[in-house]
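Accompanying notes for the structure given below.
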Amino acid sequence: MADFVMEARHVYKTYGRKNAKKTKQANGDTSDGAKHVVEAVKDVSLQIKKGDIKLIFGPSGSGKSTFLRCLAMLDIPDKGEIYLGDECLTKPGVDLNKARARIGFVFQHIYLFRHLTALGNVELALRQVLKLPKEEARKRALAALAEVKVTDCANKFPAQMSGGQAQRVGIARALARNPDIILLDEPTSALDPELTGEVIDTLRDLAREGTTMLIVSHEMPFARDVAEEMIFYDEGRIVETGPPSQFFNAPNTDRAKQFMTRIINRTTRE
Amino acid sequence: MDVWQELIILLEGVPLTLSISIVSFLIGIVVGLPFAFIRVYEKEIGFVVDAYEKIFRGIPEIVLLLLFYFGLGPYFPSTFGNAFFTAAFVLGLRSGANQSQIYRGAIRGVGDEQMIAGMSIGLSKWRAIWHIMIPQVFTFSTSGLGSEYALLIKDSAYVYVIGGLAELMKRAIELKYSAADVVTPFVISALLYILLTFPIAFWLDRWGNRRKKKIGL
């Protein structure tokens with residue numbers, strides 16, 4: 001057995017800006033394209049054990065989401081290795097679809113399947129990926145919806161739900177197939193402030209049940225209560241790692257100190 | 001010959017006009033849908049789709065019909081020698097080229113995020129296309145498909161050039177001679193064409209809008 005549920009080893013991901021060509025022409029700069037390239041992930045390594053709850057935070061645009069997508073192989077890293085248990089996902093020839101079935105992913109902008117009801121959204125992977133019989137898939141989907149307390153939305157379409165309900169269905173969709181780990185990409189930041197609470201409560205429930213989670217989030221009270229480890233991420237790198245107490249009392253790096261000051265002031269003002 | 005007799009003769013051409021159009025429409029779906037996805041998601045071979053679209057959208061179907069029927073018909077009597085086959089083939093592939101463009105726009109409208117969400121739950125690319133993209137793409141395309149269907153009904157009139165199919169237009173032209181009446185057959189067929197196109201296009205559009213509203217597209 002591998003020691004880790006998921007592991008990233010020296011992962012790099014760079015992508016060119018979409019308007020690279022235009023900028024180039026406008027600048028009249030033809031020397032090199034380097035400045036038009038975003039280095040979202042630069043030599044990032046991370047290990048997650050079963051039952052771990054880790055939280056990544058840092059300024060927007062620093063590459064947190066790209067890193068999370070790399071872990072789920074929704075973005076393919078340029079360099080480095082991603083392991084899911086014993087399996088190296090970055091090796092050529094790996095069945096990524098099978099691997100992704102073992103990774104739950106929750107999106108910032110939710111991305112529920114718009115043509116399916118909440119139940120349909122959760123059922124799809126159970127039926128088409130796990131190939132469960134109809135009855136069993138339905139039972140498990142309903143159980144997942146109940147777990148995140150949106151049973152009353154089962155037959156509603158995403159457009160008919162509130163943001164908080166939709167995101168909880170999104171969590172149920174990720175949860176229903178019992179993945180080895182759930183990756184959550186700013187699950188509350190696209191929601192109205194008064195709706196974040198219900199999603200945070202859901203995450204607290206999952207944490208209590210020992211779900212392995214890697215969460216990108218700036219919900220600091222939640223981080224303090226739930227995270228075992230916080231990871232400060234900036235400019236494509238992990239700058240500082242430590243328990244919440246370290247970040248809330250005295251971060252080691254100036255950059256983290258600055259960021260914490262700003263974010264805590266913002267939270268208390270609200 | 002009175003108007004009623006003419007009407008009956010023309011009405012008898014309606015099933016054939018409808019079946020040419022509907023079969024072509026279905027061929028258009030079968031060809032256009034995969035081609036649209038190839039164009040968006042398999043960029044390396046997208047040029048094949050491009051070439052196909054340019055050929056079938058760039059050449060008037062009357063030319064295509066004559067070319068396939070009289071050009072290839074003698075060599076392939078069981079296929080292009082058959083008027084219905086040639087009509088459905090030409091109109092179907094032309095429609096496929098149009099529909100491919102309609103679906104391509106719809107794929108963009110549905111958005112890549114839906115694909116990514118589909119892959120995040122463990123579906124392969126083509127299974128995500130099947131289970132997640134296609135149902136939404138159809139909803140998104142209804143008004144375009146309504147126009148395309150209307151176009152096919154109208155363009156089925158060109159089929160008269162290859163003869164052999166007694167559809168609406170062919171009958172109207174024959175009536176012009178046999179009934180020695182230049183106007184009535186064309187007025188009646190004009191009305192019939194409107195009846196064949198308008199309600200279905202209208203219904204498709206309305207159904208699509210309702211559905212779009214429901215799923216928030």
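For the numbers below, each heavy atom of this structure counts, side chains included, while hydrogens, waters and symmetry mates do not.
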Record all donor-acceptor atom pairs with a distance under 3.5 Å between chain B and chain A; write none if the list is empty.
residue, atom, partner, partner atom, Å
B:V110, O, A:R114, NH2, 2.4
B:Q114, NE2, A:L112, O, 2.8
B:S120, O, A:R177, NH2, 3.1
B:R127, NH2, A:Q128, O, 2.5
B:R127, NH2, A:Q128, OE1, 3.4
B:H131, O, A:H115, NE2, 2.9
B:H131, NE2, A:Q128, OE1, 3.3
B:Q136, OE1, A:R114, NE, 3.1
B:Q136, OE1, A:R114, NH2, 3.3
B:Q136, NE2, A:H115, ND1, 3.3

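- Contact annotation for A:I103: only backbone heavy atoms (N, CA, C, O) come within less than 4.5 Å of a heavy atom of chain B.
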> What's the verdict on side chain to side chain donor-acceptor pair (under 3.5 Å) for B:S100 and B:E53, showing C-alpha distance, side-chain angles and the deciding distance?
Replying inline: CA-CA 8 Å; B:S100 166; B:E53 282 179 9; 2.6 Å; yes

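- Below 30°, between 30° and 60°, or above 60°: for B:F56 and B:Y52 the angle between ring planes is between 30° and 60°, a tilted geometry.
- For B:T17 (side chain) and B:L168 (main-chain N/O), a donor-acceptor pair under 3.5 Å exists by modelled atom type.
- Taking the six-membered ring for Trp and the full ring otherwise, the centers of B:F138 and B:F140 sit at least 6.0 Å from each other.
- In this structure, the side chain of B:Q99 engages the main chain of B:F25 through a donor-acceptor pair within 3.5 Å.
- In summary, the aromatic rings of B:F89 and B:F80 are positioned with their centroids under 6.0 Å apart.
- Of all heavy-atom pairs between A:P187 and A:L203, the closest is CG-CD1, 4.0 Å.
- Looking at A:L96, neither its backbone nor its side chain comes within 4.5 Å of chain B, counting heavy atoms on both sides.
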